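The analysis underlying the following values was restricted to heavy atoms, covering all of them including side chains, and did not include hydrogens, waters or symmetry mates. Naming: A, B, ... by sequence-line order, numbering from 1 per chain. Model, not experiment: these values are computed from the prediction.
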Amino acid sequence: MKTRIPVPADVPTALPRHWRTLEERVESPEARRAAQDEFVPGAMDLSDLPAPSALTRRGFLGLLGGAAALAASVACDRKAEGTIVPYTRRPVEVIPGVANYYASAFQEGPRVYSLLVKTREGRPIHITGNDEHPGFKGKTSPRAVADILRLYDPDRLRGPRDRNGSLAWSEVDRQLQAALSGAKSAGKPVLLLTGAVASPSQQALLAELQAALPTLEHRAWEPALGDGALIGARAAFGQDALVLPRLEQAKVILSLASDFLDGEDPQAMAAFAAHRRLSEPGQPMNRLWVLEGPLSLTGSNADVRFPVRPSRLAAVAFALARDLHVRHGLPLPVGADLGAVPGGVPPGVDLPAQAWNRLVDELASAGPEALVLCGGSLAAEAHQATHLLNTMLGSRAQEIRPVSPLATLEDLEGLVQGMAGGRYAAAIFWDVNPAYAFPAAQAWKRAMDQVPLTVWIGLVEDETASQCHLHLPANHWLESWNDYGDGDLHVLQQPTIGPLYDTRQGEDLILALLRGLGSSVPADYHTYLKARWQREVYPKGTPVPFERYFEAALHDGLVQAGKAPAAPAFRGTGSAEAAQRAFSAPQAGLELFLHPGFATHDGRYANLGWLQETPDPVTKMTWDNPLLLSVADAQALHLGDGDLVDLSLGGTTLRLPVVLQPGQAEGVASLALGYGRTTGSVAAHKGVNAFPLVAAGTAAPFLREGLRIAATGKQKTLSRTQAHHRLHGRDIVRSYTPAEYTQEARHPGPDADPASLYPDQRFPDHKWGMVIDLSACVGCAGCSLACQSENNIAVVGPEQVARGREMHWIRLDTYYEGPVDNPTVVHQPMLCQQCDDAPCENVCPVNATNHSPEGLNQMVYNRCVGTRYCANNCPYKVRRFNYLEYTADKTEPESLVYNPEVTVRPRGVMEKCTFCVQRIEDGKIRAMSEGRPVKDGDITPACAAACPAEAIVFGDLKDPHSRVSLLAKSNRGYKVLEELGTRPAITYLADLKNPALEGGRHAK
Amino acid sequence: MDSLNRREILGRLTALLAGPLILGRRTMDMVLRAGRRQPPLAPPPRPKAPTLAPPTRSVQRRG
């Protein structure tokens, strides 16, 4: 038992007081006790191990002797003979021990990510962004990184089958040919439902299918995109379009419940962070205003934030447009009419007049350097008003990119009616899961029963597959060819591994359908794609032969050709009607805000353990989607964290736990989509499916009113990490306003590095160190996912997470400051600080953890006997212990994702961040083989490589000119708990907020 | 043998059985089966693991 130190009566007052849990905020005695505890209750509890029996010592020694004899006899037995089979014909690409990289691409809805895939001995093992991409610059989304797990998902369908069992592809072709030919001759429609089509070649192929089968009805559907955004774009531009923030030029950003920093858009995150990385006080800094209901990751990075009911945000946007027009003379676009819109703060919005006027003035003053962004869950009117605002401002900080038409829920309802009425001869579902994501699941199932032939194409059999006649396994994107249009870029997707199973790429299936319908098409999609490139992308008259041109494009993963499609023009007609709807009387009572899950999106990632176990960046929930309530609402309903409630809305009732979320607007409940799947060995029965709560056929399907919450009197244990690994109320995290930064730069605090009894460490060659800029870090958890992939970090499951046994080497600590209804937030990545005088090293009885001559606090797994003294003595709580065996039962294909350069740790072993020592060694070997010293930038750990905001910088502190050395001397720099004399190798740069109002931060 | 009681006989028998076990079956095998030919290896069972094949027609970035 750890000795408890009495809590000092005087809490620190010189710096902002940060808190992590509501108990800490109210400073209950329980919170004070909990803050003193090293570990979550239950983390050290070994009650899940078999209870010791009542053996006598004599009996124990007898058994020990017997066991020794048996062990000796077994040890002397002949080992099973294994066979190591070398390559008889080694593939020319594969050199054992040397990584290969392929440029490829990943699609999520209408978004496309150009990637670099690392392979070892033919296995893709790690994904980063493509460094050749001018926008992403080597960064990508956490979900793209995690999707490598889907390639090795043991649940993948390994060959085609129907309801009776396995089928041969030839039989599949025969059945499909018969069905489609029959439909064509009978003139009966065939339904093809897909995800968003972002590939020009795929689009051309589908056009050919349409020509060969005129009765084909193709619809593309993205259930998490939000119909509000689609309908709003159609009203504003007359077509479907995607808004891409281009924040390089943005001085003032207003987010209306838009979570543009959630990791989906690395380009926006990089551009936003670039204007937050100040080296001196007084330098220009962008300002982020956020009006939203639930606290989002973007809201947690806001300079000024106000909680507002999401249903009122459309009125807010129109009122802003009206005030910009009337007070600042910004011209209205042709056709726009705001005559009936009242000025000032709309009714039902709790925003001080001072803040409102300041916001209007700042937007007007920034003009083209201002941008308003609207969240996908908001109503179409809010999107329409946002497009109007940006047109009035003449914003240069966005790109409006036309996208292929997408279906709304209303369109889906029409399809369901058609299916139920026997309209279709066949229905093909390709990479979509409407049986799960369509709100009226029963109606969907009844409609499916009326279709003579239903075909599912996908990777892991899902809810839709279970209702289909034919199940056709598709290639993973890492086994596939494709291309994507990305502005003026053409991005290529190429296979990085041959198909693992008897699968076909979806496009090859379409080619087979075309052949069956009598079309003359190439033998495979690769040939089709290449021919299209030669025809349409390859610049005419260039001296480079096409083969070389195509190879160069594959090598780089992209090619710049032609012009980006022109942005559609804004049309103001319909704004008066939209404004009228936006100002309709606000309803009383709770409203529900539905949004795509950070980990699951629309449910497609729910079977990926890495994502399920990554704590939500705001709530820190894993493996579940609780109902988020404001503290005030929860108190009014007499609810606390983990209380199970029955949520009823429109005939649907869900039982789920409640979480009290600081910053949540009063009167707003929120719930993530993408959970509650019924299929998939990882996904099944994790959380609840919120899609039945989506309102089909409205302009705001993700916003609902009239929900009822009834307490059940029951509790659920939450797998939530917010209170884990607390660092007890010390000066852990620093956040400055510009005035505080100026003061700190002029009068820096005393150096807290105390004298040490230990001799100084010597580092003859290198001293590796890191700088983490809290002002640039947005808390997206991209670093954590990349670390998990690089370092073979185990997934432990919700029960173990609830006991504080999650294994992430780098975690994102979220600190709040200020009132619970609207706090400011700082995110702090916390990992092993590689202390020079490491408290963990001194207490290890077997020298399993020790210091390297390059300043690394290294672990020797073979020596570790699992005393856990090191974890007890680590003040940063960054050591992770394998309480159970998480990896031994992993076989192929799951084990194929492991990085062979990192040991897979068994039960009973302590582990922690190594600064990616394998990458350090790799960098040194490369430099040595080239006969030169290691250069700054040669070595990048996985977390730094993945960070879209470039908040993490790694390098050699012995090199005075290295980036890390220069940043470590920043006047915002400090070391966490340096007063303990640990001498960490990580320097944090204090967070900066840029409040617009007197009194700092979100002051009212 | 007459001087041995049943307990001692059992003890020696146990030692006789335990000895080869403790010394190792491999050693006993070497003594008892010296010169005997090993049976040919049985064909390996069909692997359940997927077969890894490099992609065809892809272009790698750097090795």
Any chance you could measure [X], atom [atom1], to [Y], atom [atom2], to the nearest 0.5 Å?
{"X": "A/Glu121", "Y": "B/Leu52", "atom1": "CD", "atom2": "CG", "answer": "10.0 Å"}
{"X": "A/Glu892", "Y": "B/Thr51", "atom1": "CD", "atom2": "OG1", "answer": "9.0 Å"}
{"X": "A/Leu492", "Y": "B/Ser58", "atom1": "CG", "atom2": "OG", "answer": "10.5 Å"}

Inset, instruction - For residues A/Asp131 and B/Arg61, report the shortest heavy-atom separation together with the two atoms involved. - result: OD1-NH1, 3.2 Å

Legend entry - Heavy-atom pair of closest approach, residues B/Arg57 and A/Trp481: O-CH2, 3.3 Å

So for [X], is it side chain, backbone, both, or neither that comes closer than 4.5 Å to the heavy atoms of chain B?
{"X": "A/Glu479", "value": "neither"}
{"X": "A/Leu478", "value": "neither"}
{"X": "A/Asp502", "value": "neither"}

Legend entry - Under 3.5 Å donor-acceptor, A/Glu551 side chain and B/Val59 backbone: no

[X] [atom1]: over 12 foreign heavy atoms closer than 6.0 Å:
{"X": "A/Arg548", "atom1": "CZ", "answer": "no"}
{"X": "A/Arg90", "atom1": "CZ", "answer": "yes"}
{"X": "A/Lys924", "atom1": "NZ", "answer": "yes"}

Inset, instruction - Name the member of A/Leu500, A/Thr891, A/Thr119 that forms the most heavy-atom pairs with chain B at distances under 4.5 Å. - result: A/Leu500

Inset, instruction - Identify which of A/Val117, A/Thr496, A/Val94 forms the greatest number of heavy-atom pairs closer than 4.5 Å to chain B. - result: A/Thr496

